[in-house]
Amino acid sequence: MSVEFTLNGRPTSLQSPPESPLLWALRDEAQTVGVKFGCGAGLCGACTVIVDGQQTRSCVTPVADVAGKSVTTIEGLSGDVAKAVTEAWIRAQAPQCGYCQPGFVLAATSVISADPKQSSDQVLSQITNLCRCGTYDAIRLAVGYALTSLQGAENHEKGAAR
Amino acid sequence: MSEGGSTLGRIARRSFLIGAGVVGGGVLVGAGVVAWRLGAIDGYELPASEGEASFGAWLKLARDGRVEVAVPHQDMGQGIYALAVMLAAEGLRLPLEAVRAIPAPIEARYANPVMLLDGLPFDEASHGALKQSVVWTFDKILRVLGMQGTGGSTSTRNISAQIRRAAFCMHDMLARAASARFKVPADQLRNVGGAFLTPDGRTATYAELASDAGKLKPNDIQPPPLARGAYVGRGAPRYDVPLKTYGEAKYGIDTRQPGQLYAAIRHAPRLGGRLDRAVIPAKILGVRGIVEGKDYVAVVAETYAAALAGLEKAEIVWDDSKASSVSTKDVFAAYRAALDKGMDFKPRWIVDSAGDVSKASGKEIAATYDAPFLAHATMEPMNATAFVTETEAKVWAGHQSASLVQLMVAKAANVPSDKVEVFTPFLGGGFGRRADLDYIAKAVEIAGRFKGTPVQTIWSRAEDIRDDVYRPAAMADISAKVDGDGMPSSFVYRIAVPSVTDQFVARALPSAKGGMMADRTTVDGALFPFYGLPTRSIENFTVDLGIPVGFWRSVGYSLNCHFVECFIDELAVAASTHPLDYRAKLLARAGSYEPAIRAARVLEQMAAFDKANPLSPGKDGAMAGRGYALTASFHSFVGEIADVEIVKGDLKVRRVHAVVDCGFAIDPPNVVAQVRSGINFGLTAALYGRVDFDNGKVVPANFDTYPLLSLEDAPNISVEIVNSGAALGGVGEIGTPAIAPAVANAVFAATGKRLRSLPLTFGTA
Ligand code: FES
Ligand code: FES
């Protein structure tokens, strides 16, 4: 029995058992290893993917749940918002060890895509990922940069420094 | 040797031992042999293949014309690769893109003696002849032993001078070759993007000059002192940032080898427990086998999900006959008993003393502090991939010492060290955890049952937290006699804590005997204070109840700086003096002692910030307070100011300002990032961190029971750098020690309540 869905824009079918976690199916079967394992219990966000626009923790999502849906991992991230977010991340030099960062980038992209007119604080309050290296100041800065570039003149960089 | 006697006397005896050629582990190194081996390693050259030119141990010109710089350290997020590129590019007058960093071969030439030298029980500020000679001897021996390692905030200190010198030497050789070719004096040549340009417009690239230059004898060039240059002192974008942002960076857990299998592991639930037997009752799709280890069981399967499912269904019988029944309260009871026993307790070490504390007079102020065990919780859980055959072994894993990995893999796979290959991808965090290599040894053992097939062993988060080597819990009795002005006439510091170094040595080199000298890390942050405390006794009571302890970001400083800086705050309150002024007075009493001068400079900047940015009042009935702490660790000085708010018993840290003197900031934006990182790491500990034990079992299992600081609760952190021009200090850990005391002191300022136990919580207990 296989589960059919769209992975990073391509029709994909996974053989992993439908009740098994999407995280491991993506990492071991689809080989999209940008999806990271942090806690396996929905607590850290390292395994974040975007499912039909929503940030989703793949470690607590059974493979069956994404049947017929569109899943985006860091490998398949594209579009204006994603471009603004990743460029902002680089400009802010956000990553340290970097392990949590794909999860943050996907979470930020999903939240900002839902409404690019939001304030920095609104965006940040919807990101509940954890970073053990404590890159939070740089992440706030990066979110501010991304919003500024998407919104044009309005200055969110100030907001990011809170 | 553990009681009485001056530090000097003990060291003199020890230095004699070293002279005689014995160093931990029973390795014999005679003086003649040292000299001979030194000659050999200094002549080491990076291996160059066809079309490449090697310029010694650190630099080579690759076939594509780019310069490669060898880095013998792991990048755990501290940015050491980027720093090596910056230093090499600057010395060679090259753009950053013309240089790339490569992992150094596992060779004695790349040893990191700094890490171990920092463990010697000397005052860092002393330049006495005895210290110099002992340090020199240790340095040579450690280099010959050739231990590569990343830890103790030493990467930059270990390699920056060597890389700079290599780059300046290589540039000089290229310049002489260009000068000879063009018959133009070297000082008339200009550098443009990897080439020399003559005044009349002729050019030759470094690559074109490489073979001429290679024939020249290197001059012994001493680079100028570190100063702001093209990249140095300014910083540059890190090459790893885009890789990590786009998810292209590969970590140990991302290793994918052809035909690779996956293993899920479970350790004995109680410390010291053993595996009796384990079986998988029914056939499970994809499961290939079960490995029964001494104290663990692992299920090997075609996917990790299948391995996890197999482990879930496995019937496991543990043998608890030798298991520990230790609980947290036993540990603290043992600490209390040891401290109460006082002089009669063994092993006890007076690591630093001056004057006679028993003769001091004045009013006594005393307090007892304690702190719990802590887990590392690196974001990437422990994992390693191993490939083992009868004759060779390969390992892919994040770690903090290639040399130790090589030794350990050879042993676990039963192959010679030169048949071991170690591949080091990015590390998803280290913080000291990946200095202990148990997770690699087990992965090799497991792969050894599947000879010829690579096996990746991944620990679940619960295994990662429950089979850690913890930051030790500790208890400290601190007392001072104070004079009429409230200034201390004596200072007695007694800490009960196990020795991380002894345990680590016993794990890494089982033949070595620990406990032969005081473990300096147990009192780091309390000994040789920069404050003027001329009558003092700094004592360690080594109490070990068998809970595994390891190096945790900033090690002993995370305990002792906290206890000392909270106590100094108590003294300031008792003296009715502002905590910054009180510290200034204490520093003034130290006279021209170099650490006191550096600390005073940091304190001045803290006071300036304090004045310019007054504490904002708490909103909606919150109590607000500001706290201060001043610390020295890893040869750097850090002062932190924390503003807190307490709303209905809920403590929030709103903002933190740090003043940092690390000698000279080679890469200032990265210094800022590292200090912020260290502060947030320390905040997790200050606000939530505790690992409890119950009847030999570790209580927390995941981020719900071992919470990490979140984005929402992380304060805004500003960092101010003071370039004092002192010798380079470390950066990776220095933000951590000052934050817990700054927050605890802020809580006192806000509430009048002195919280002497970590983590900082109100009244629920
Ligand atoms: S790994 Fe999925 S939330 Fe942590
Ligand atoms: S960058 Fe290391 S965990 Fe976030």
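So that the names make sense, note that chain A is the first sequence line, chain B the second, and so on, each numbered from 1.
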Exercise for the section: Kindly compute the distance separating OG (S710(B)) from CG (L43(A)), expressed to the nearest 0.5 Å. Expected result: 12.5 Å
Completion exercise
So OH of Y99(A) and OG1 of T378(B): to nearest 0.5 Å the spacing works out to 8.5 Å
Exercise for the section: Mark yes or no for whether Y136(A), through its side chain, and L709(B), through its backbone, hold a donor-acceptor pair below 3.5 Å. Expected result: yes
Exercise for the section: With side-chain hydrogen bond (donor to acceptor under 3.5 Å, both in side chains) as the test, would you mind laying out the steps for Q93(A) and R238(B) before giving the verdict? Expected result: CA-CA 7 Å; Q93(A) 296 277 294; R238(B) 286 166 44 197; 5.0 Å; no
Exercise for the section: Would you give the length of the straight line joining atom CD of E380(B) to atom SG of C100(A), rounded to the nearest 0.5 angstrom? Expected result: 12.0 Å
Practice task
Just give me the residue among T684(B), T245(B), N680(B), L708(B) that pairs up with chain A most often, heavy atom to heavy atom, under 4.5 Å.
Solution key: T245(B)
Exercise for the section: Would you mind checking which part of I458(B) comes under 4.5 Å of any heavy atom in chain A, side chain (CB onward), backbone (N, CA, C, O), both or neither? Expected result: side chain
Practice task
Would you check if the side chain of R256(B) reaches a backbone N or O of V33(A) as a donor-acceptor pair within less than 3.5 Å?
Solution key: no
Handout entry: cation_pi(R132(A), F681(B)) dist<6.0 Å, angle<=45
Key = yes
Practice task
Report yes if some heavy atom in the side chain of E712(B) is under 4.5 Å from a heavy atom in the side chain of I127(A); otherwise report no.
Solution key: no
Practice task
Kindly indicate, with the supporting measurements, whether the criterion side chain to side chain contact (heavy atoms under 4.5 Å, CB included) is fulfilled by M379(B) and Q96(A).
Solution key: CA-CA 11 Å; M379(B) 210 71 218; Q96(A) 284 186 23; over 6 Å; no
Exercise for the section: Run the numbers on I253(B) and R27(A) for side chain to side chain contact (heavy atoms under 4.5 Å, CB included), then give the verdict. Expected result: CA-CA 10 Å; I253(B) 202 168; R27(A) 287 185 54 84; 3.5 Å; yes
Practice task
Could you tell me which non-hydrogen atom of C133(A) sits nearest to which non-hydrogen atom of F431(B), and how far apart they are?
Solution key: SG-CZ, 4.0 Å
Handout entry: Closest approach of N716(B) to D137(A) (non-hydrogen atoms, all atoms of both residues)
Key = CA-OD1, 3.5 Å
Fill in the blank from the handout: Under 4.5 Å to a heavy atom of chain B? For L130(A) that would be both
Problem - Residues, nucleotides or ligands: over 12 heavy atoms within 6.0 Å of K250(B) NZ - result: yes
Fill in the blank from the handout: Highest number of heavy-atom pairs under 4.5 Å with chain B among E87(A), Q101(A), Q31(A), E75(A) belongs to Q31(A)
Fill in the blank from the handout: Ranked by heavy-atom pairs below 4.5 Å to chain A, first place among P381(B), P707(B), G286(B) goes to P381(B)
Handout entry: T128(A) OG1 to L711(B) CG distance, which is reported to the nearest 0.5 Å
Key = 9.0 Å
Completion exercise
Output for pair (I465(B) CD1, C39(A) SG), nearest 0.5 Å, gives 9.5 Å
Problem - Criterion side chain to side chain contact (heavy atoms under 4.5 Å, CB included) on E248(B) and I74(A), from CA distance to verdict - result: CA-CA 9 Å; E248(B) 288 160 11; I74(A) 193 78; over 6 Å; no
Problem - A305(B) backbone acceptor or donor facing S20(A) side chain under 3.5 Å - result: no
Completion exercise
Answer key: most heavy-atom pairs under 4.5 Å with chain B among A138(A), G38(A), A82(A), A41(A) is G38(A)
Handout entry: Distance-minimising heavy-atom pair for C97(A) and Y251(B)
Key = O-OH, 2.6 Å
Exercise for the section: List the steps, then state whether side chain to side chain contact (heavy atoms under 4.5 Å, CB included) holds for V105(A) with Y246(B). Expected result: CA-CA 9 Å; V105(A) 166; Y246(B) 294 118; over 6 Å; no
Problem - chain A contact via L285(B) - side chain, backbone, both or neither, heavy atoms under 4.5 Å - result: neither
Practice task
Under 4.5 Å heavy-atom distance to chain A, tell me which part of Y304(B) shows up: side chain, backbone, both or neither.
Solution key: both
Exercise for the section: Step through the shown structure and confirm whether more than 12 heavy atoms of other residues, nucleotides or ligands are within 6.0 Å of CG on D80(A). Expected result: no
Practice task
To the nearest 0.5 angstrom, please state how far the CG atom of D28(A) sits from the CD atom of Q456(B).
Solution key: 7.5 Å
Practice task
Determine yes or no for a side-chain-to-main-chain donor-acceptor pair under 3.5 angstrom, with R461(B) supplying the side chain and G40(A) the backbone.
Solution key: no
Exercise for the section: Heavy-atom distances under 4.5 Å only: say whether A249(B) touches chain A with side chain, backbone, both or neither. Expected result: backbone
